[in-house]
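Have a look at the structure below, then the notes.
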Amino acid sequence: MGDVFQAPAQPRIPVRSATDEQLFFPVRRVYCVGRNFAEHAREMGAAVPTSAADRGRPVFFLKPADALVLDGVVPYPRGTRELHHEVELVVALGKDAPPGVLDPKVAMPLVFGYGIGLDLTRRDLQAAAKAKGLPWDTGKAFDHCAPVSALVPAAEVGDLAARSLSLQVNGETRQHGAFADLVWDVPEILHELSRLYALRAGDLVFMGTPAGVGPMQPGDRFLARLDNVIELQGEIIQDAHSG
Ligand code: MN
């Protein structure tokens, strides 16, 4: 009775906390939201909702959990000439959702904490797929496509609506967005996800990016911030096997 090979280790994200004990967050799934800031939807050429009633439904996709990057070092991916950054809030669920569709009013107690991450995108592959009406998977879900910071317990972040996120590349600010401008906030996104999936402890949700997405090259250094609460630093390195 045994496995035919050694199972890969489950990704475990360090938790930043005031206590001495180092805790980790074991990851189950990585959900992502598309077009959750109106200005980004506009820059991607998508329809921009003009009111809450006009929002339709959020766009969801997934990344493989083993694509998370915990040390900030991202090899430039193979198969693309257009690697784009998308800085995003990452919501980490510490509890299973109750059975059925989740009421937004009881969604927040499921949230363990927050991080900040990059939804790295092979934009050329995504654009080609979109143009043909094909799935985006190769543009969004690939090795090393999800660098993420340590997680901070929700109580230390406080009211998200008062906070903002930003991204610098090589010291230049590329993206900035206020969470008050999210098309769907965290409880609404958890509600919408629960209409499609059973949410569990260990699930992450990348909440969508503000305007200003753009390319990165090998040698570029990135610094993402959620105000002065959470920081993610890293770099794109040349992958000897890409091309
Ligand atoms: Mn995104």
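Each residue takes its place number in the sequence, starting with 1. First listed ligand is number 1; within each ligand, the first listed atom is number 1.
Salt-bridge check for Asp119 with Lys63: passed, with a basic side-chain N closer than 4.0 Å to an acidic carboxylate O. Looking at Glu86 and Arg123, a side-chain N of the basic residue comes within less than 4.0 Å of a carboxylate O on the acidic one, giving a salt bridge.
The minimum distance between the Mn ion (ligand 1) and any N, O or S atom of Glu86 involves atom OE1. Taking the N/O/S atoms of Glu88 in turn, the shortest distance to the Mn ion (ligand 1) belongs to OE2. Per residue Asp119, closest N, O or S atom to the Mn ion (ligand 1): atom name OD2.
Only one option out of Val87, Val169, Val213 pairs with Arg174 in a side-chain contact (heavy atoms from CB on, under 4.5 Å); it is Val169. A side-chain contact (heavy atoms from CB on, under 4.5 Å) with Ile189 holds for exactly one of Val91, Val205, Leu182; it is Val205.
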